[in-house]
2 protein chains.
Amino acid sequence: MRVTISGGVHGNELTGIYAVKTLQNSMPLVKNIELDFLLANPKAIKENRRYIDQDLNRSFAQEALQNDSHIYEYERAKVIRQRLQKSDFLIDIHSTTANMGVTLVLSDIDEKSTNLAKILSQEYEDVRILRWLSNEEGDFINSVVPSSMTIEVGPVCQGVLDAAVFERTMKVLRRAIEILDRDEHIQKKLEAFEVNGYKDFPRNKDELAGMIHPEFAGHDYEPLYKGDPIFVTFDGDEKFYDGDTCYPVFINEAAYYEKGIAFCITQKIVI
Amino acid sequence: MRVTISGGVHGNELTGIYAVKTLQNSMPLVKNIELDFLLANPKAIKENRRYIDQDLNRSFAQEALQNDSHIYEYERAKVIRQRLQKSDFLIDIHSTTANMGVTLVLSDIDEKSTNLAKILSQEYEDVRILRWLSNEEGDFINSVVPSSMTIEVGPVCQGVLDAAVFERTMKVLRRAIEILDRDEHIQKKLEAFEVNGYKDFPRNKDELAGMIHPEFAGHDYEPLYKGDPIFVTFDGDEKFYDGDTCYPVFINEAAYYEKGIAFCITQKIVI
């Protein structure tokens with residue numbers, strides 16, 4: 001089995017980039033799998049930007065493949081798609097400004113990735129599973145491999161390394177490689193979270209009109225009830241949550257301002 | 001007296017940008033001064049990047065003025081220099097990923113800015129004065145006005161608004177405008193910090209080889225002693241401080257990675 005470990009799909013998420021470089025410099029000992037390392041968006045990494053022309057992690061749809069638009073990330077997506085044809089499993093490392101600890105994102109419901117995420121989530125206290133199946137904007141890099149898991153770690157700023165977050169990431173990543181190498185299995189049912197909605201910031205036309213409420217900031221994965229404060233406008237007006245009880249994630253993720261997402265709404269599920 | 005308040009000298013420091021927009025939308029009542037608002041780097045603000053071609057806040061040297069290099073920030077610097085000719089005082093708002101609370105940066109030793117910073121520092125507990133007089137890279141925007149004060153607030157990620165940090169910034173900013181309008185004065189001597197050195201990350205040739213040590217992270221303005229841990233390499237090796245006792249600031253500031261600064265070294269002074 002060939003396992004690709006990728007970082008730098010977003011060029012300013014340093015944790016994943018240096019996780020890949022660190023593993024490349026001191027290769028984990030594996031017996032049964034073949035390891036492959038990918039720095040996915042080298043130009044964006046060099047410029048310390050999320051992307052050059054458009055989000056690489058939304059550039060893997062079939063349309064993009066046929067598109068001759070000179071968008072740098074579409075060209076990269078074609079090269080990566082080719083390269084990942086030989087891979088059986090992908091671990092893609094990202095970071096977030098949200099307080100999400102180590103989140104294992106599953107974008108498919110296949111047995112291999114679910115099994116891996118469940119073992120890790122059971123072993124580590126701050127490791128949670130987030131299922132994020134559909135995405136209107138365009139396909140993730142995960143869509144071009146048979147099975148995959150995304151590691152999202154935070155909170156950490158774009159362009160910044162946080163040693164504590166880095167160390168937690170490496171621990172989970174090394175263990176993930178070991179589980180795949182040993183072909184370990186788990187039968188148990190476990191709790192997970194499933195993305196089923198999005199909430200935008202208050203806006204005046206296109207202009208941002210408010211921020212995440214200080215009492216809501218950092219409370220990813222905690223229950224949000226109708227009437228809880230979620231935003232405060234620049235003039236100090238509070239805005240309250242009006243939906244059904246949910247478990248928000250990606251609260252105040254820097255890269256989602258432009259996507260019109262102040263936080264993602266999830267429900268608890270059992271997988 | 002004409003007072004200019006600027007934000008967005010760095011396009012991804014949202015706190016200053018929305019502070020300026022908020023004041024524009026609800027103008028503070030002033031009797032004796034004229035207020036002027038400036039969003040300094042509109043193209044970088046639109047793209048949510050620190051700068052387009054090079055740091056605008058290092059583009060105000062005389063050489064840059066004469067330079068016909070088609071660098072966007074040099075062109076902006078010329079326009080801003082022209083506009084600020086009518087201003088007597090500049091308050092320039094920035095944010096940092098470092099845990100610096102509200103820091104009032106003085107880049108000159110004139111009476112007006114020192115007086116303003118001293119009143120604010122005495123009134124608010126988390127407001128500190130940082131004197132940063134020289135800068136090898138090129139002149140700050142402050143160099144084109146007779147007197148000025150920079151407000152640096154943190155910790156906040158690039159491209160992110162933190163409501164608590166925003167509110168603290170607005171409180172200090174509104175009070176600063178009031179002090180200038182009422183021409184208030186203070187005689188007392190006060191403690192401040194003066195930048196007198198820089199420390200880079202561990203590197204292998206040009207490649208980053210380590211991060212801020214988790215025990216050092218977030219300890220801006222606290223004493224750093226010889227032998228204290230400051231870095232940890234990606235392999236887990238600790239690196240220790242080897243200089244005289246100092247008070248570090250800008251610890252792990254995202255924008256300073258590329259400048260070769262892991263933190264700035266300061267000494268306590270009395271002003």
Side-chain angles (χ1 to χ4, degrees), chain A residues 12 14-15 17-26 46-50 95-98 154-168 170 201 204 207-218 229-236 238 251-258 262, chain B residues 12 14-15 17-26 46-50 95-98 154-168 170 201 204 207-218 229-236 238 251-258 262:
Chain A
N12 56 9
L14 303 192
T15 310
I17 296 163
Y18 285 94
V20 165
K21 287 183 180 183
T22 301
L23 288 180
Q24 276 179 311
N25 287 337
S26 68
K46 189 152 180 254
E47 295 195 19
N48 190 23
R49 294 167 64 185
R50 184 171 174 87
S95 63
T96 171
T97 60
V156 59
C157 296
Q158 295 176 341
V160 165
L161 282 160
D162 178 304
V165 169
F166 182 81
E167 209 186 306
R168 269 205 305 276
M170 291 306 292
F201 289 97
N204 272 332
E207 181 88 341
L208 206 63
M211 309 163 273
I212 296 293
H213 195 285
E215 288 173 28
F216 181 44
I230 48 174
F231 299 120
V232 57
T233 68
F234 297 115
D235 306 322
E238 293 177 302
I251 303 172
N252 219 3
E253 160 54 35
Y256 291 179
Y257 279 58
E258 68 177 30
Chain B
N12 57 8
L14 303 191
T15 310
I17 296 164
Y18 285 94
V20 165
K21 288 183 178 181
T22 301
L23 288 179
Q24 274 179 314
N25 288 338
S26 68
K46 189 150 181 257
E47 296 196 17
N48 190 22
R49 294 167 64 185
R50 184 172 174 87
S95 62
T96 170
T97 59
V156 59
C157 296
Q158 295 176 344
V160 165
L161 282 160
D162 178 303
V165 168
F166 184 80
E167 208 185 306
R168 270 206 305 277
M170 291 306 292
F201 289 98
N204 271 332
E207 181 88 341
L208 205 62
M211 309 164 274
I212 295 293
H213 195 286
E215 288 174 28
F216 181 44
I230 48 175
F231 300 118
V232 57
T233 67
F234 297 115
D235 306 322
E238 295 178 299
I251 302 171
N252 220 5
E253 159 56 32
Y256 291 179
Y257 279 59
E258 68 177 29

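Lettering follows sequence order; numbering is per chain, from 1. FYI, side chains are in, hydrogens and waters are out, and symmetry mates aren't considered; it's all heavy atoms of this structure.
Proximity to chain A is absent for every atom of B:Glu258, based on heavy atoms less than 4.5 angstrom apart. At a 4.5 Å heavy-atom cutoff, the contact between B:Leu208 and chain A is made by backbone and side-chain atoms alike. Both the backbone and the side chain of B:Leu161 come within less than 4.5 Å of a heavy atom in chain A. Of the atoms belonging to B:Val232, it is side-chain heavy atoms, and not backbone ones, that fall under 4.5 Å from chain A.
Contact between B:Cys157 and B:Thr97 at its shortest, heavy atoms only, is CA-CG2, 4.1 Å.
Heavy-atom pairs under 4.5 Å with chain A were tallied for B:His213, B:Glu207, B:Glu167; the largest tally goes to B:Glu207.
Residues B:Ile212 and B:Ile251 have side chains in contact (heavy-atom distance under 4.5 Å, counting atoms from C-beta outward).
In this structure, A:Phe166 has its ring center at least 6.0 angstrom away from the ring center of A:Tyr18.
Side-chain atoms of A:Glu47 do not come within 3.5 Å of backbone N or O of A:Arg49 as any donor-acceptor pair.
When only modelled atom types and interatomic distance are considered, A:Asn48 and B:Tyr257 share no side-chain donor-acceptor pair under 3.5 Å.
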